[in-house]
Amino acid sequence: MPNKQRKFADDGWAVWIDGDDVSTIYINDWLNPKGKSYVDFAIRIRGVMASKLLSVYVPFEVKKEEIEDVSLLFNDTNILQATFSSSCIIEYKKNECTSEIAYNGKVVDIVHIGELGYETSVLSEGTLIKIDLEKLRPYLDNDEAYFIWRMPHKSLDEVFAPRKDMNRAMERLKDLITTPIVAEKFGYSIRINEARLLPEEITKIGAFHRQKLKKAVVTLSVNESYELNDASAYRIRRLEENLYKDFLPKGYKSEDVITYQWQQNRETNLKGNFNFYYNVNKNSVSRGSMFLYLVLLTVIGVIGNLIADVISKFIGL
């Protein structure tokens with residue numbers, strides 16, 4: 001049997017808007033098991049003109065300098081088309097803080113939070129991001145707006161981080177000899193606005209409990225060398241390299257990447273809970289086993305030559 005390694009993380013995210021209760025959340029995880037993983041976090045607010053504050057709780061510590069306003073890349077029509085899965089017309093940087101796009105028969109604002117400004121504060125178990133929507137109001141021409149940014153997904157970095165157990169030296173040596181195949185299973189759960197997973201600083205906020213999101217969508221992009229449970233995915237497609245080439249996170253390779261998408265909405269989940277779980281599997285040959293086999297073959301070869309020399313000399317006598 002292969003040597004099995006299992007790693008799992010269960011995270012609670014939170015989003016609430018003072019003034020809006022039909023917002024949609026989009027999460028795009030860029031899985032990079034060999035390096036840094038990233039998450040693109042996007043929010044669509046309907047009724048943004050009457051909204052006052054956008055708050056997002058991130059279940060890990062993220063510094064302001066680690067947050068990238070990827071909306072500033074939308075002057076590239078390829079990136080815009082890849083992001084919105086549609087042909088778009090954009091008036092880029094219509095004003096200091098927003099651009100305006102037309103797609104699928106509607107016109108919406110894209111908010112450049114890097115130009116508008118926002119606040120970040122560290123909580124006991126994560127980070128709170130606040131965007132002042134009242135400050136944004138003079139720059140808006142439409143009552144629907146998108147906010148999108150990218151940040152390192154540190155929970156995934158912890159899930160994919162290699163682990164070594166030096167206290168099981170003899171058992172580890174036995175595994176290297178007997179089980180050259182390593183079966184890795186990585187599990188990750190995304191829960192949005194589920195109070196029992198959130199710190200007290202969030203659950204005691206009254207505005208959070210009044211918030212009702214309309215829909216949440218999770219998209220995963222992962223290298224094809226990893227197998228992902230896609231039984232419940234409603235959309236699976238190749239990553240369009242030509243469209244995404246200037247939009248990929250740093251260090252991310254687009255070759256052989258497949259994207260998977262899930263969606264949950266309040267119409268089918270009346271409690272308004274948005275829970276997504278996925279697992280990623282990979283079977284590989286252990287480099288340690290191969291190295292150990294090479295060492296053993298070398299040692300056996302040397303011993304065999306010594307024995308052959310001794311026998312030859314003995315027979316020669």
Side-chain angles (χ1 to χ4, degrees), residues 7 9 11 13 15 25-44 56-85 88 99 110-115 118 120 126-127 129 146-162 184 186-190 192 216-228 230 233 235-262 276 278-280 282:
K7 303 169 190 177
D11 276 344
W13 300 68
V15 177
I25 311 303
Y26 302 89
I27 295 176
N28 183 15
D29 266 326
W30 301 92
L31 277 67
N32 187 9
K34 295 182 180 180
K36 284 189 176 180
S37 293
Y38 289 86
V39 56
D40 292 351
F41 203 91
I43 302 163
R44 180 178 67 180
V56 178
Y57 170 72
V58 179
F60 47 83
E61 184 175 343
V62 59
K63 298 178 181 177
K64 196 167 185 177
E65 56 267 27
E66 296 177 304
I67 298 174
E68 180 185 1
D69 181 2
V70 289
S71 73
L72 295 172
L73 303 175
F74 285 171
N75 58 333
D76 185 325
T77 55
N78 282 338
I79 292 175
L80 197 66
Q81 182 177 342
T83 305
F84 285 88
S85 300
C88 305
S99 295
I110 300 291
V111 180
H112 305 301
I113 64 170
E115 305 292 342
Y118 54 93
T120 61
T127 305
I129 300 173
Y146 280 89
F147 303 75
I148 178 172
W149 64 86
R150 176 176 295 162
M151 52 194 168
H153 197 154
K154 298 180 181 179
S155 300
L156 284 179
D157 289 344
E158 294 178 5
V159 170
F160 287 120
E184 298 175 285
F186 310 97
Y188 184 67
S189 179
I190 299 171
I192 302 173
V217 179
V218 173
T219 302
L220 311 177
S221 298
V222 62
N223 189 283
E224 204 176 33
S225 61
Y226 291 83
E227 180 181 351
L228 196 142
D230 55 15
R235 181 180 299 169
I236 304 172
R237 60 185 173 84
R238 304 295 303 186
L239 188 72
E240 300 92 342
E241 291 185 43
N242 291 334
L243 298 181
Y244 276 104
K245 64 181 181 180
D246 296 321
F247 190 68
L248 293 172
K250 298 174 184 177
Y252 200 89
K253 304 296 182 182
S254 63
E255 298 85 356
D256 299 324
V257 171
I258 296 180
T259 65
Y260 302 83
Q261 193 170 100
W262 288 261
F276 300 86
Y278 60 84
N279 58 61
V280 182
K282 183 179 182 182

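Because the structure is a prediction, the values reported are computed rather than measured.
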query = Side chains of Val222 and Phe186: closer than 4.5 Å at any heavy-atom pair?
reply = no
query = Can you name the closest pair of heavy atoms from Asn28 and Leu220 and give their distance?
reply = OD1-N, 4.2 Å
request  = Measure the acute angle between the ring planes of Trp13 and Phe41, then classify it against the limits of 30° and 60° as parallel, tilted or perpendicular.
outcome  = parallel
query = Taking it one step at a time, do Leu31 and Leu156 satisfy side-chain contact (heavy atoms from CB on, under 4.5 Å)?
reply = CA-CA 8 Å; Leu31 277 67; Leu156 284 179; 4.2 Å; yes
query = Out of curiosity, Asp76 CG to Asp246 CG, how far, rounded to the nearest 0.5 Å?
reply = 5.5 Å
query = Can you tell if the side chain of Tyr244 reaches within under 4.5 Å of the side chain of Ser221, non-hydrogen atoms only?
reply = no
ask   = Are Glu66 and Lys154 close enough that some pair of their side-chain heavy atoms sits under 4.5 Å apart?
value = yes
request  = With the side chain counted from C-beta on, respond yes when Tyr38 and Lys250 share a heavy-atom pair under 4.5 Å apart, and no when they do not.
outcome  = yes
ask   = Is there a side-chain contact between Phe74 and Ile110 (heavy atoms, below 4.5 Å)?
value = yes
request  = Could you give me the CA-CA distance, side-chain angles and deciding distance for Phe147 and Val56, then say whether side-chain contact (heavy atoms from CB on, under 4.5 Å) is met?
outcome  = CA-CA 11 Å; Phe147 303 75; Val56 178; over 6 Å; no
Straight-line distance of Ile190 CD1 to Ile27 CD1, nearest 0.5 Å = 5.0 Å
inquiry  = Tell me whether Arg238 is salt-bridged to Glu241, with the criterion being a basic N under 4.0 Å from an acidic carboxylate O.
reply    = no
ask   = So how far is it from Leu228 CG to Asn223 CG, rounded to the nearest 0.5 Å?
value = 12.0 Å
query = Between Asn32 and Ser37, what is the shortest heavy-atom contact and its length?
reply = N-OG, 3.0 Å
inquiry  = Nearest 0.5 Å, please: how far is CG in Asn242 from CD in Gln81?
reply    = 11.0 Å
query = Rounded to the nearest 0.5 Å, how far apart are CG of Leu73 and NE2 of His112?
reply = 10.0 Å
request  = Evaluate the side-chain proximity of Asn78 to Phe247: yes if any heavy-atom separation is below 4.5 Å, no if none is.
outcome  = no
task = Verify the neighbour count for atom NZ of Lys253: are there more than 12 heavy atoms of other residues, nucleotides or ligands below 6.0 Å?
result = no
ask   = Would Ile129 and Ile113 count as a side-chain contact (heavy atoms from CB on, under 4.5 Å) if you check the C-alpha gap in whole Å, the side-chain angles of each, and the deciding distance to 0.1 Å?
value = CA-CA 11 Å; Ile129 300 173; Ile113 64 170; 6.0 Å; no
message = For Phe60 versus Ser155, what's the shortest heavy-atom pair and its separation?
response = CD2-OG, 3.3 Å
key: Aromatic centroids of Phe276 and Trp262 separated by under 6.0 Å   = no
request  = With rounding to the nearest 0.5 Å, note down the distance linking CG in Asp29 to OH in Tyr188.
outcome  = 6.5 Å
task = Assess whether side-chain contact (heavy atoms from CB on, under 4.5 Å) is satisfied between Val39 and Val58, documenting all intermediate values.
result = CA-CA 11 Å; Val39 56; Val58 179; over 6 Å; no
task = Using modelled atom types only, decide if a donor and an acceptor are shared between the side chain of Lys64 and the backbone of Tyr118 within a distance under 3.5 Å.
result = yes
query = Between Thr219 and Gln261, does any side-chain donor sit less than 3.5 Å from a side-chain acceptor?
reply = yes
ask   = Is any side-chain heavy atom of Arg150 less than 4.5 Å from a side-chain heavy atom of Trp30?
value = yes
query = Are Asp40 and Thr83 close enough that some pair of their side-chain heavy atoms sits under 4.5 Å apart?
reply = no
message = Is the distance from the ring center of Tyr146 to that of Phe84 below 6.0 Å?
response = yes
